[in-house]
Amino acid sequence: MAVTKLAYYPGCPSGTHAIEQDISTKALFEKLGIELVEVEDWNCCGAVEIEDPHLVYALNARNLAIAEKDNLDIATPCSICFYNLERTNRALREDKDLSAKIRGIDPALDYKGTIRARHTLDVIVNEVGLDEISKKVVKKVPLKVAPYYGCYIGRPSEIGFDDPDNPDSMDRLIELIGGEVVPFSQMKTKCCGGPLMMTKGDLAFEMTKKILEAAKAKGADCIVTACPLCHMLLDAKQPDIEEKYSIKIEMPVLYISQLLGLALGIDPKKLGLDKNIVSTKEIERKVI
Amino acid sequence: MAIKTWELDPKFKYEIAATPGGEEIMKCFQCSTCTIGCPVTEIVPSYNPRRIIQMSLLGMKKEVLESDEIWLCAICQTCSERCPQDVKISDLMGAIRRIAEKEAEEGKIEVKSVRPIFDKAFANQLRKYGRLYEMGLSLEYYRKAHKGLISGLMAMQKDYSKLGMRLFKHGKMGPRSMLPEKIKRTDEVKKIFEKMGE
Ligand code: SF4
Ligand code: SF4
């Protein structure tokens with residue numbers, strides 16, 4: 001295992017609704033022996049709301065340049081932040097004129113293109129690797145799990161780190177820790193509607209409902225995800241979806257860092273499991 | 001709807017192609033792969049990205065920019081991934097939306113969707129604080145989308161009181177989310193918006 005230290009980009013929801021993702025990611029990486037150094041004074045990546053790609057590139061040139069100063073690859077647990085950081089990385093390497101233009105704005109944007117931007121899930125599966133993780137597994141997680149990948153983990157494929165149609169990085173982790181992956185390939189990468197949540201809520205609810213119902217129909221004990229926006233809709237908004245459609249789902253939704261953390265024997269409190277909206281008590285009980 | 005040929009704007013496609021994200025529009029050969037796999041079309045059958053591209057190529061500028069459809073795209077990249085012509089529809093839709101926002105600001109067209117208000121409010125938080133301040137975003141968005149502070153607060157209360165309680169109970173809406181988390185060197189971010197912002 002080569003990586004021992006990474007620049008950590010928490011992303012804006014890390015202090016609010018995705019606090020359990022931030023906590024569990026940190027606890028997990030400590031256990032894996034990788035030091036996370038928070039990117040000093042990082043700024044928002046632009047999420048999906050900043051639509052001008054050049055503006056996104058300039059915003060993230062600043063983040064990348066800060067990490068580059070420490071000569072560290074940058075890693076984030078958020079799929080959207082990952083997408084924005086990595087597409088910036090590519091665009092600035094490929095387009096010299098654009099890169100010069102952005103550099104000209106301020107010395108803080110003087111990014112030379114020497115580091116990689118990665119999703120923490122990619123680091124876990126492809127850098128640390130399953131062999132190394134299996135040595136650290138101390139508990140069995142005999143659960144039926146629906147792995148939900150959402151959009152940017154595999155799409156677009158020139159940026160994503162997993163297969164665009166049938167990603168399996170979380171599947172492999174689930175099986176490694178004694179879980180069973182429910183048949184979920186139809187839903188794995190279908191958009192949850194996150195970017196429409198505030199402006200077209202009904203549509204976003206419909207989209208998320210399909211994912212929740214599919215997981216339920218397949219008999220999953222829980223869903224795992226690797227993105228705070230997906231998690232917001234699947235977990236925090238689940239009671240609203242239940243109310244709107246008069247249905248019962250009651251499906252716990254864990255971050256993959258939480259589920260893996262349980263298998264590595266990390267205390268549920270240190271994984272922020274008390275912060276998930278749909279209770280995870282049943283899940284914790286089944287871990288042996 | 002019959003096409004009013006005399007109202008077509010043949011320059012529209014070049015305008016899109018000159019907008020970052022819209023560069024590949026002319027490559028589209030109308031195969032419909034994008035529409036077939038779109039998760040929004042699955043729910044709203046009238047949403048048809050292929051047709052939006054066709055209308056744009058024909059120069060139906062006003063119809064495209066004033067349509068509700070362009071605001072329904074969830075930017076999920078499914079279409080971009082599958083398009084045999086590498087049109088990058090996901091980004092292309094963003095380019096069309098930005099043209100619509102600009103034209104609406106100049107009073108040339110009318111946009112009914114509240115999405116531009118949301119995007120603008122988001123950018124404003126970012127410009128001011130360097131990070132997303134969710135409370136500030138919600139306040140600005142609801143105030144503008146509902147045309148007034150009182151009606152905005154009422155709508156926000158209706159949409160968010162239950163969610164807010166839920167987040168609060170689980171320790172996700174503490175004092176940290178009430179106040180903005182401001183980065184140290186906001187001047188650098190302001191400069192980015194000044195030099196790169198459209
Ligand atoms: S998939 Fe590509 S080529 Fe086919 S209609 Fe859509 S944009 Fe055009
Ligand atoms: S990016 Fe937009 S148009 Fe393309 S598949 Fe997703 S929702 Fe549909």
Side-chain angles (χ1 to χ4, degrees), chain A residues 12-13 15-20 41-44 46-55 57-59 61-62 83 101-102 104-106 108-109 150-152 154-157 164-165 189-196 198-201 203-204 206-207 210 236-237 239-240 243 274-277, chain B residues 20-21 39-40 42-44 71-78 80-81 88 90-91 94-95 97-98 101 113-115 117-119 122-123 125-126 129-132 134 138 141 145 159 162-163 166-167 170-174 176-177 181 183-185 187-189 191-198:
Chain A
C12 296
T16 56
H17 65 84
I19 194 161
E20 70 271 47
D41 208 38
W42 57 271
N43 58 267
C44 170
V48 284
E49 282 77 10
I50 302 293
E51 294 225 68
D52 178 358
H54 290 182
L55 188 49
Y57 300 156
L59 286 166
R62 184 176 176 277
Y83 171 60
K101 184 179 168 197
I102 287 175
I105 296 174
D106 191 277
L109 309 184
C151 298
Y152 305 111
R155 280 193 309 263
S157 45
D165 295 314
T189 60
K190 194 172 219 144
C191 177
C192 70
L196 305 170
M198 293 295 284
T199 58
K200 208 77 197 163
L203 184 48
E206 281 282 342
M207 293 166 87
K210 284 191 180 192
K237 292 257 179 187
D240 297 317
E243 192 185 311
D274 54 318
K275 303 209 179 305
N276 297 52
I277 300 294
Chain B
V40 169
E42 210 179 284
I43 293 164
V44 186
W71 307 100
L72 295 185
C73 168
I75 328 178
C76 76
Q77 304 284 345
T78 308
S80 302
E81 185 59 37
K88 299 196 167 43
S90 209
D91 303 344
R97 281 192 293 274
R98 295 206 312 289
E101 280 170 23
S113 169
V114 287
R115 189 155 156 188
I117 302 175
F118 185 72
D119 288 354
F122 188 102
Q125 308 308 310
L126 189 39
Y129 307 115
R131 287 188 195 159
L132 170 61
E134 284 179 20
S138 300
Y141 169 59
D159 289 358
K162 284 186 192 156
L163 177 75
R166 235 176 271 148
L167 295 175
H170 288 263
K172 292 174 159 186
M173 236 174 67
R176 231 184 121 180
S177 45
E181 197 175 318
I183 69 167
K184 279 186 260 164
R185 300 184 293 280
D187 54 312
E188 293 168 4
V189 172
K191 253 194 198 170
I192 294 175
F193 275 94
E194 275 161 27
K195 301 265 168 72
M196 278 314 219
E198 289 154 318

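Lettering follows sequence order; numbering is per chain, from 1.
- In this structure, K172(B) NZ and I277(A) CD1 are separated by 4.5 Å, a value rounded to the nearest 0.5 Å.
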* Asked: Do R166(B) and D240(A) pass the side-chain contact (heavy atoms from CB on, under 4.5 Å) test, and can you show the C-alpha distance, the side-chain angles, and the key distance before you say yes or no?
  -> CA-CA 11 Å; R166(B) 235 176 271 148; D240(A) 297 317; 2.7 Å; yes
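- Of the atoms belonging to D187(B), not a single heavy atom falls under 4.5 Å from chain A.
- Across all their heavy atoms, G46(A) and F122(B) have their closest contact at O-CE2, 3.9 Å.
- For Y129(B), no part lies under 4.5 angstrom from a heavy atom of chain A.
- Contact tally against chain B (heavy-atom pairs below 4.5 Å) for A47(A), A58(A), G194(A), P53(A): the top residue is P53(A).
- Contacts of L72(B) with chain A are made by both backbone and side-chain atoms, with heavy-atom separations under 4.5 Å.
- Using a 4.5 Å cut-off between heavy atoms, K162(B) touches chain A through its side chain atoms alone.
- You'll find the side chain of I183(B) stays beyond 4.5 Å of the side chain of W42(A), heavy atoms only.
- For the options K195(B), E194(B), Q125(B), heavy-atom pairs under 4.5 Å to chain A are most numerous at K195(B).
- Counting heavy atoms from C-beta on, the side chains of H170(B) and E20(A) never come closer than 4.5 Å.
- For the pair R155(A) and S80(B), the minimum side-chain heavy-atom distance is 4.5 Å or more.
- The only option from E181(B), E134(B), R131(B) that meets the side-chain contact (heavy atoms from CB on, under 4.5 Å) definition with C12(A) turns out to be R131(B).
- Among the candidates I102(A), T189(A), D106(A), V48(A), the residue making the largest number of heavy-atom pairs closer than 4.5 Å to chain B is D106(A).
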Q.
Under the criterion side-chain contact (heavy atoms from CB on, under 4.5 Å), I'd like the reasoning laid out for L126(B) against L59(A): C-alpha separation, chi angles, the key distance, then a yes or no.
A. CA-CA 10 Å; L126(B) 189 39; L59(A) 286 166; 3.9 Å; yes
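- At least one side-chain heavy atom of I43(B) sits under 4.5 Å from a side-chain heavy atom of K210(A).
- Per-residue heavy-atom pair counts under 4.5 Å with chain B were compared for T199(A), D41(A), N43(A), and the maximum is reached by D41(A).
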task = Apply side-chain contact (heavy atoms from CB on, under 4.5 Å) to E188(B) and I105(A), showing your working.
result = CA-CA 9 Å; E188(B) 293 168 4; I105(A) 296 174; over 6 Å; no
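- Considering every non-hydrogen atom in both A236(A) and L163(B), the closest pair reads O-CD1, 3.4 Å.
- Atom CH2 in W71(B) sits 15.0 Å away from atom CG in L203(A) (nearest 0.5 Å).
- Comparing A61(A), A108(A), S157(A), G104(A) by heavy-atom pairs within less than 4.5 Å of chain B, the highest count is held by S157(A).
- In this structure, chain B has no heavy atom under 4.5 Å from any part of Y57(A).
- Interface remark: D165(A) contributes side-chain atoms only to the contact with chain B (heavy atom separation under 4.5 Å).
- Between the CD atom of E206(A) and the CD atom of E42(B) there is a distance of 10.5 Å, given to the nearest 0.5 Å.
- When G193(A), C192(A), P195(A), P156(A) are compared by the number of non-hydrogen pairs under 4.5 Å with chain B, P156(A) comes out ahead.
- Using modelled atom types, one side-chain atom of R98(B) and one backbone atom of E51(A) make a donor-acceptor pair closer than 3.5 Å.
- In terms of heavy-atom pairs under 4.5 Å with chain B, the best-connected choice from M198(A), H54(A), M207(A) is M198(A).
- Contacts of K275(A) with chain B are made by both backbone and side-chain atoms, with heavy-atom separations under 4.5 Å.
- Surrounding NZ of K200(A) are at most 12 heavy atoms belonging to other residues, nucleotides or ligands under 6.0 Å away.
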